[in-house]
Peer 1: 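Take a look at this one; I'll ask things after.
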Number of protein chains: 2
Amino acid sequence: MAQRGEDFRTIWLKPGDPAIVQIIDQRLLPHEYRVHDLCTWQDGLVAITDMYVRGAPLIGATAAWSLYLAALSGADSAAAVHEAAEALLKSRPTAVNLRWAVDRILRLVGQAAPGAALADLILADAQAICDEDIEISRGIGMHGVSLLDAISKKKSGGSVNILTHCNAGSLATINWGTATAPIYFAQQQGIDVHVWVDETRPRNQGSQLTAWELAANNVPHTLIVDNAGGHLMQHGEVDIVITGTDRTTRCGDVANKIGTYLKALAAYDNGVPFYVALPSTTIDWNSCDGLAEIPIEQRDVAEVSDVYGLSDGRPAFVRTTAASTPISNYAFDVTPARLVTGLITERGICEASETGLLGLFPEMAAS
Amino acid sequence: MAQRGEDFRTIWLKPGDPAIVQIIDQRLLPHEYRVHDLCTWQDGLVAITDMYVRGAPLIGATAAWSLYLAALSGADSAAAVHEAAEALLKSRPTAVNLRWAVDRILRLVGQAAPGAALADLILADAQAICDEDIEISRGIGMHGVSLLDAISKKKSGGSVNILTHCNAGSLATINWGTATAPIYFAQQQGIDVHVWVDETRPRNQGSQLTAWELAANNVPHTLIVDNAGGHLMQHGEVDIVITGTDRTTRCGDVANKIGTYLKALAAYDNGVPFYVALPSTTIDWNSCDGLAEIPIEQRDVAEVSDVYGLSDGRPAFVRTTAASTPISNYAFDVTPARLVTGLITERGICEASETGLLGLFPEMAAS
């Protein structure tokens, strides 16, 4: 098992070679832990598009590091950065941090003194983005753990059963995750937790990533198919749902991995609190009605038909469907704010509403 | 592609050898159509337990045919039938037709004249169960098609988008299916239909069985992951949901494949009608509160971890999870009657309630 805990990072500069950025090829987990080199910004683009990396915060960070690689690449650093930025912005339409990170770097480039070493500037900012992301995850963990602590006390120390969907864990951020940060903090504080891990078809981020990192950190967990959460909630087996988000509107609508909406409905129907953990970088302050305004990415149908795993100990794909079966593959859905009990941010927990969010982020009131 | 339409059957006596019953090994679909011989009642038990056959009506029929094989098997036919019945009843706890079919055959055996040829009696009744099942499916189709016709007219002939979960199709019955019967009838009547097929993890009955039989019958369809139905309903892409059921209480609570409840919640939240198609043999007149009273089968966790398909053109399983990942595998959930728009039975469509069901089955009022 790979590095874990405090030392864990999902993206870093290669030791001894500052022209190479390294990531974990998350497509191969849990069966293989392989570090992958990004040597060009195009490598970064492929890593995002083909989901070597995924998760809104890590996508944003990878875009920033890709712009660093772009700045290293040609005679005209600024032109290369702009070319890379344009391509990166098109790569994953739903995740709002991608735009946030790219815009931040472009602003930096725009404000740079003539003749400045752009690569050095961008490198420092990409590192800052990662450091800030870790602090954000810590903030989410610190605030979110209060919810788990309260449930634990209500259950007289009995295990707190948390259901999560997809991977909003360390692997989706730089470390600690968003939805998982309160869980890791609870574990550190000695609160007894158990996580129901949604498989998360079609890409199985739950069974392949969340289960992997919970195991690496010794957090008790049980994998279930995406269909099972409602049944568990009906029978009192879930105390709280915590998911991440790829984009949250200023009114509290939450775009997240396809199927999140169904879990929110079940939580609402069974009186189970449904929380969404998010860095404020995933808030889209320019939109309110998530259903109408958030573009939902459709991805390659092979993600549905072809399933990755081990066959006789070797990595393989199996095609589960007939070759001729028509398939559609929406990657995200929108959970309306009315189904969200609260948002866990790095600044605190608030109602999923414009009032709630502006209470924590008053500086956005004028925007 | 195999037989289809009027001639299709899922279980039959082997031509030329009345000591062998034949089924389709549904575990191999859609990649291979293989007929499997049941030579003993134990073969029938394995076929049910290991899901060569599945679907409440077909499970019931297979149990009846297995009792025929038991009657052929020993010196003491009646003893063999009773031994087989006991084992069969334990094989799948949720499907109520299993008990219904076994009880029906045991009653027949109990009433047989001394010295009667039990095997002949049971053979005739197993065939009758199959013939009756086909008539039941026809009845469901005839009544259910009115719902699709009304939607089609409301859409001025536009395609009626039906979402279904699992396989409540021809393959789950003897022919025509339950949830699919209205769809096949609509197609015969020239009504334009399109079916959203839920993949139905963990066993993929949607992608592997429903998609197969809809393709065989030229019904337009699109496969989606189980997570996607809510998103489609939010965006008006689903006109009606029709599922089958393994057991329906007299008060209208519906036990069906795990995940059905989540689709019912989404349908309710979006004003999409949610219908359940059922032969009256799946009504459990002795229970009312499905959540409290229906036992929910837990199955082998390998169903979740190991996915079947083709790898390089050959049948293979891949393990998607780490070997050490803890897994839970509930096979069914219960959808409360309040979320069910109506029940489509062989006698007509009714409200999902005791009043509704007794209106169609008044003879059960005294039971």
Side-chain angles (χ1 to χ4, degrees), chain A residues 30-31 165 196-197 199-202 204 207-208 211-212 215 220-232 234-235 257-263 265-266 268-269 291 296 301 304-312 316-322 324-330 332-334, chain B residues 30-31 165 196-197 199-202 204 207-208 211-212 215 220-232 234-235 257-263 265-266 268-269 291 296 301 304-312 316-322 324-330 332-334:
Chain A
H31 309 300
H165 189 68
W196 295 109
V197 178
E199 178 179 48
T200 319
R201 289 282 295 144
N204 296 345
S207 57
Q208 303 198 328
W212 179 84
H221 61 282
T222 306
L223 175 67
I224 51 173
V225 294
D226 301 306
N227 286 322
H231 171 74
L232 293 173
Q234 285 177 314
H235 291 274
K257 183 61 49 198
I258 191 82
T260 302
Y261 166 57
L262 296 171
K263 294 300 136 62
L265 285 167
Y268 190 84
D269 198 47
L291 267 178
I296 300 297
V301 299
V304 176
S305 57
D306 294 359
V307 175
Y308 174 72
L310 291 188
S311 179
D312 292 330
F317 282 88
V318 288
R319 178 166 53 72
T320 61
T321 65
S324 58
T325 298
I327 300 173
S328 123
N329 183 20
Y330 290 93
F332 302 94
D333 63 21
V334 172
Chain B
H31 310 300
H165 190 68
W196 294 109
V197 178
E199 178 179 46
T200 319
R201 290 282 294 145
N204 296 343
S207 58
Q208 303 199 328
W212 179 84
H221 61 284
T222 306
L223 175 67
I224 50 174
V225 293
D226 301 306
N227 286 321
H231 171 74
L232 293 172
Q234 286 178 312
H235 291 274
K257 183 60 49 196
I258 190 85
T260 301
Y261 166 55
L262 295 172
K263 293 301 138 59
L265 286 168
Y268 190 84
D269 197 47
L291 268 177
I296 299 297
V301 300
V304 176
S305 57
D306 294 359
V307 176
Y308 174 72
L310 292 189
S311 179
D312 293 329
F317 282 87
V318 289
R319 179 166 52 74
T320 61
T321 64
S324 57
T325 297
I327 300 172
S328 123
N329 183 21
Y330 291 93
F332 302 93
D333 63 21
V334 172

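So you know, we letter chains A, B, ... as the sequences are listed, proteins then strands, and number each from 1.
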Peer 1: Between A:V197, A:I296, A:T200, which has the largest tally of heavy atom pairs under 4.5 Å with chain B?
Peer 2: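 Between A:V197, A:I296, A:T200, the count favours A:I296.
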Peer 1: When you measure from the side chain of A:K263 to the backbone N and O of A:D226, does any donor-acceptor pair fall under 3.5 Å?
Peer 2: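 At least one qualifying donor-acceptor pair exists.
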Peer 1: Using non-hydrogen atoms and a 4.5 Å limit, figure out which bit of A:H221 sits close to chain B: side chain, backbone, both or neither.
Peer 2: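 Its backbone and side chain both get close to chain B.
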Peer 1: Checking A:R201 side chain against B:R201 main chain: does a donor-acceptor pair fall under 3.5 Å?
Peer 2: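 It does not hold such a pair.
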Peer 1: Out of A:V301, A:T320, A:T260, A:N329, return the one with the most heavy atom pairs under 4.5 angstrom to chain B.
Peer 2: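 The answer is A:T320.
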Peer 1: Which answer fits B:Y308, side chain, backbone, both or neither, if we ask what part of it has an atom under 4.5 Å from a heavy atom of chain A?
Peer 2: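 B:Y308 touches chain A through backbone heavy atoms alone.
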Peer 1: Under 4.5 Å between any side-chain heavy atoms of A:L262 and B:H231, yes or no?
Peer 2: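 They are not in side-chain contact.
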Peer 1: Determine the minimum heavy-atom distance between A:Q208 and A:H31, stating which atoms define it.
Peer 2: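 Shortest heavy-atom contact: NE2-NE2, 4.2 Å.
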Peer 1: So which of A:V304, A:L291, A:T325 has the biggest tally of heavy-atom pairs under 4.5 Å with chain B?
Peer 2: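 Between A:V304, A:L291, A:T325, the count favours A:L291.
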Peer 1: Top residue by heavy-atom pair count (under 4.5 Å) with chain B, among A:G229, A:A316, A:S328, A:A322?
Peer 2: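 Going by pairs under 4.5 Å, I would pick A:S328.
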Peer 1: By salt bridge (Lys or Arg N to Asp or Glu O under 4.0 Å), which residues pair with B:D269, not counting sequence neighbours?
Peer 2: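 A:R338.
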Peer 1: Which one of B:P202, B:A228, B:G259, B:P220 has the most heavy-atom pairs closer than 4.5 Å to chain A?
Peer 2: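 Ranked by contacts with chain A, first place is B:G259.
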Peer 1: Could you grab the distance from atom CG of A:L223 to atom CD of A:E199, nearest 0.5 Å is fine?
Peer 2: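 A:L223 atom CG to A:E199 atom CD measures 6.0 Å (nearest 0.5 Å).
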Peer 1: Which region of A:Y261, side chain (C-beta onward) or backbone (N, CA, C, O), has a non-hydrogen atom less than 4.5 Å from a non-hydrogen atom of chain B, or is it both or neither?
Peer 2: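 Just the side chain, heavy atoms under 4.5 Å.
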Peer 1: Below 4.5 Å, heavy-atom pairs only: which of B:V307, B:V225, B:L310 has the largest tally toward chain A?
Peer 2: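 Of the options given, most contacts go to B:L310.
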Peer 1: What residue, out of B:A211, B:S305, B:A266, B:S324, has the most heavy-atom pairs lying under 4.5 Å from chain A?
Peer 2: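 The candidate making the most pairs under 4.5 Å is B:A266.
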Peer 1: Which bit of A:P30 is near chain B, if near means a heavy-atom gap under 4.5 Å: side chain, backbone, both or neither?
Peer 2: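 For A:P30, side-chain heavy atoms alone lie under 4.5 Å from chain B.
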Peer 1: Give the member of A:D306, A:L265, A:V334 that has the highest number of heavy-atom pairs under 4.5 Å with chain B.
Peer 2: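 When all of A:D306, A:L265, A:V334 are compared, A:L265 has the most.
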Peer 1: Would you compute the distance between atom CH2 of B:W196 and atom CD1 of B:I224 and round it to the nearest 0.5 angstrom?
Peer 2: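 So the CH2 of B:W196 and the CD1 of B:I224 are separated by 6.5 Å.
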Peer 1: Under 4.5 Å from any heavy atom of chain B, what part of A:N204 do you find: side chain, backbone, both or neither?
Peer 2: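 Looking at A:N204, just its side chain touches chain B.
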Peer 1: What part of A:F332 is in contact with chain B, defined as an atom under 4.5 angstrom from a non-hydrogen atom: side chain, backbone, both or neither?
Peer 2: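 Looking at A:F332, just its backbone touches chain B.
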Peer 1: Can you sort out the partners of A:K257 under salt bridge (Lys or Arg N to Asp or Glu O under 4.0 Å), two or more places apart, ordered by chain and number?
Peer 2: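 Residues passing salt bridge (Lys or Arg N to Asp or Glu O under 4.0 Å) with A:K257: none at all.
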Peer 1: Could you tell me which portion of A:Y330 (side chain, backbone, both or neither) has an atom closer than 4.5 angstrom to a non-hydrogen atom of chain B?
Peer 2: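 Only the side chain of A:Y330 comes within 4.5 Å of chain B.
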